[in-house]
Q: 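Have a look at this one before I ask anything.
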Amino acid sequence: MTDQKLKLLARYPRERTRLLSLLHELQRANPNNYLTGEDLRLVADYLNLPLSEVHDAATFYSLFSLKPRGKHVIRLCKSPPCHLAGAWSLLAALERELGITVGETTPDGLFTLETTSCLGVCGVAPAMMIDEEVYGRLTPDRLREILASYRGEA
Amino acid sequence: MERLVKLRIDGQEVEVPEGTTVLEAAEAAGIEIPHLCHHPELSPVALCRLCLVEVDGRLLTSCNTPVRAGMEVRTATERVKRLRRLVLELILSDHPLDCLTCERNGSCELQRYAYEFGIEENRFVGPDHARRELPPREDNPFIRYEPGKCILCARCIRVCDEVQDRHVLDFAFRGFSTQVVTFLERPLTETDCELCGQCVAVCPTGALTEKERRFKGREWELERVETVCPFCGCGCRITLHLKGGRIVKVSGGYRGFRLCVKGRFGLTFVHREDRLKVPLIREGDGFREASWDEALGYVAERLLEIKEKYGPDAIAGLASAKCTNEENYLFQKLIRAAIGTNNVDHCARLCHAPTVAGLVAAFGSGAMTNSIDEILDADCILVTGSNTTEAHPIVAQEIRRAVRRGGTLIVVDPRRIELAELAHFHLRQRPGTDVAWINGFCHLILEEGLWDEEFVRERCENFEEFARAVERYTPEYVEEITGIPAALLREAARAFGRAQRGMIFYSMGLTQHTSGTDNVLAIANLALLTGNVGRRSTGVNPLRGQNNVQGACDLAALPNVLPGYQKLSDREVRGKFEAAWGVKLPEKPGLTVVEMFQAALAGEVRGMLIMGENPMVSDPDISHVAEALEKLEFLAVIDIFPNETTRFADVILPAASFAEKDGTFTSTERRVQRLRRALDPPGEARPDWEILCELSTRLGYPMSYRHPGEIMDEIASLTPIYGGISYRRLEGEGLQWPCPSPDHPGTPFLHKDRFPRGKGRFHAVEFREPAELPDAEYPLILTTGRVLWHFHSRTMTGRVEGLHELVPEAYVEINPADAGGLGIRDGERVRVSSRRGSIELVAKVTERVPQGTVFIPFHFGDQAANVLTNPALDPVSKIPEYKACAVRVEPIER
């Protein structure tokens, strides 16, 4: 496990500017979409940075999590255009559908629900991202369909 | 030559060196600019925005804006004032207003500015007070953290990074939730934190405070006494803050705020209930309380009886590196003048006797040549036989800072000590093979032409003999002896040879060997050869272990010299002292520490007086020391606590601690500093100098001084290196000896134009094996040393709860390869035995020690490493070989 992670890191030069890339790599490699203490330690060792500084970066950026998350992370846009287009009712629908509130993970470990700032696709508001995939023109029905497709694959 | 820049601040013309910030320039001109995140010893970050000024109509943060020629700075325009007020209101909007019970009430910098700006109410209310609602954290022995009071100025983060070089703290999270935390918010004790408390010292608010001081007194109620830290030889000047006869907190330190965990948090031992408070006289198996008159009378009577019956040489005295200069002076005067023997020594015999012997032979003076504040400018630092981080924390801070500034660090130590992790070269020699690698360095430096020919020609002698001696120490030969790879030795020697300002630090790892004096001579050779003596940021720097071990040596608590290292054998010197003291002085050099105990066993020494030493933990082969003490006809001990040695006493005299008396200590950098009385001694305890005067008088040699200042005047009159020292001159920073006359400013570094002995002398020294080598029965080498959290025999630190908790018992470090072979697991109890005894302790399986070597900290009385150590002596300096003996480690039957 550690060896695999070290291999991932080794693809990058040992430069401080690579800190975020390295954290992303390790988070992506984790089936639970988060960074473990060991991950932070490996990165700190690799870049010769203090542990506290790596921890600083990992806790500052909301795309990183230090707690286990679901297999898929849903990020619903809460920026003004989406808000005006009814994102708040979609949030309620999502919470109902998943049985969790923002920041939580479904008991089956499939989804974690988060909100996000602007995704830059206001033309198709309201929008959300699941992992790297963007979904626009959302309605409660479409939401259910999308979630079902992820569930089916699992 | 630095360039000067002229600018105007508030209409006033100011001239400052290039690179100065606007804020510093203003301060230099006496103009105060409010600031919170700025700290003069830390890099500027411009986080708090309070130091805004107007420069040509633009707003700039003055703390990180360098001056420019012709700049027109205005620090107090209406606009600036309005904005500063806004900044303060914003900071205060997220700050609890519980000044009523805040420990920093009265010294809080935020409170001060809120008052100055008259901020009564706040226009702002934060939407979210995530940080403010966090509970205080006290999950370490000494520091209390209240996240709510943090103003995110990053002073703690910077001091931890830039000064302490730990970077344990950093910001985490964002927005209103931003906090200063450790990695994964762990307790400080689970990080690399050294609990130095510098974060507390620089915190502008009540976010970081001393746990111990809580509700013990408000800032304005505290009385302050400037004095000196009683632990190691760094000589930190500290301020005791007191209320109602108790130490509430400690501040000060190197550059005004830098201390280590012991100095800042480890002084509460003075208040312990188990302090010795009344004189005690042995009665049967126990002790009974006695009056001073009776106790002193009894001590005098018994000592005189022994003197009468067996002669003065049947009496011996151990003075103390923990006591003041004045007390050590009086002690040796008592032994020499009142008893009439030179049998006086102290624990310096067990640490730097080889330094005194070796450096006197090479240079003519046996002290640290240079000063702590020169470290930063050294471009190469060689540390050997000194776990500086744990034993001399302030020196280590400076070494780390020098390395951060680009200096090269070479560490030669069998153990992977903390500095080794930072070092460019870490050479792990087999214990006891130092002469070989040092000669190897010299060999290579000669071979590669990196030596300072001019310095050697002009200022040294006996070069040829030395050069011949190092000829055969080729890297390959050295590798064979020491185990240091030849290529690594070559590179490290080159780095030191090329240095412009090479500074050498060493300590017990070099001296505590049967080859101790040779090791020191070899180091002196290296410094002479490279011309690294007699200039700033160079030198041979033996780090002295105790607060006043330098002073105790200076004032001749040694059997072969008179104060100021004046030769006992010199008739003229003796004549001077005889005239001043009014007695005939014995000529025969006295016994050294280990010899005293051997003589006691042989029935030659019958009575002893011990002041503030604990040989039952600190001396080698303790079982023998116990026998010797047992055999004495009479033993009197002066101390502040009952300890392993007082158990053997016939009379115990209660002494005042460092906080309860006046005097001076001399630090490792030869700095004589004032110790000041801050508290009354507990019960009937009295300062050692008073006890000595009374005792001497009862021995028929009256001594009477009204104040230790008078003793110092006597010292100055007889001791050339202290000649210009008087209490009047010791306010503030103290004076570094030699200070021969009242107008002499003191000497930061020695040997500038000449050595005290004339020329620096090279010595041909050859490698000799340690006295005891591993064999089939005892296959491992034991080495001993200190840990950061404790001091010596723990008489003091063992009584500070927090320090005790951190390291409550001894352990043995053993390499995984050795542990594996013996079936020993980490954390398991094991038995360590040598030819002299055995102790049981916990095994710490770690690569800090190399294969074949084990390490035990020597602080612990019940698991005393010195039960195992070898009392074999260096023939010249009579230091025992603490740092190498053969042992066996075995699991305890489960």
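Reminder, nothing fancy here: chain letters follow the sequence lines and each chain counts from 1. The basis for the numbers below is simple: all heavy atoms, side chains too, and nothing from hydrogens, waters or symmetry mates.
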Q: Minimum heavy-atom separation for B/F173 and A/F60, please, with both atom names.
A: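 Minimum heavy-atom separation between B/F173 and A/F60: O-CD1, 3.7 Å.
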Q: Does CD belonging to A/E15 count more than 12 external heavy atoms closer than 6.0 Å?
A: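 Result for CD/A/E15: enclosed.
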Q: Any donor-acceptor pairs between chain B and chain A, under 3.5 Å? If so, list them.
A:
from: A/S52; atom 1: OG; to: B/H167; atom 2: O; distance (Å): 2.6
from: A/H55; atom 1: NE2; to: B/L184; atom 2: N; distance (Å): 3.4
from: A/T59; atom 1: OG1; to: B/F173; atom 2: N; distance (Å): 2.9
from: A/F60; atom 1: O; to: B/R174; atom 2: NE; distance (Å): 2.7
from: A/F60; atom 1: O; to: B/R174; atom 2: NH2; distance (Å): 3.0

Q: Who pairs with A/R14 by side-chain hydrogen bond (donor to acceptor under 3.5 Å, both in side chains), at least two apart in sequence or on another chain?
A: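 With sequence neighbours excluded, A/R14 shows a side-chain hydrogen bond (donor to acceptor under 3.5 Å, both in side chains) to no residue whatsoever.
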Q: Report all side-chain donor-acceptor pairs from residues 79-86 of chain A shorter than 3.5 Å, counting only partners two or more places apart or in another chain.
A:
from: A/S79; atom 1: OG; to: A/C118; atom 2: N; distance (Å): 2.6

Q: Tell me which pairs pass side-chain hydrogen bond (donor to acceptor under 3.5 Å, both in side chains) where either residue lies in residues 124-139 of chain A, with sequence neighbours left out.
A: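 For residues 124-139 of chain A: A/H72-A/D131, A/Y135-A/Y150.
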Q: For B/L184, is it the side chain, the backbone, both, or neither that has a heavy atom closer than 4.5 Å to a heavy atom of chain A?
A: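 For B/L184, backbone and side chain are both near chain A.
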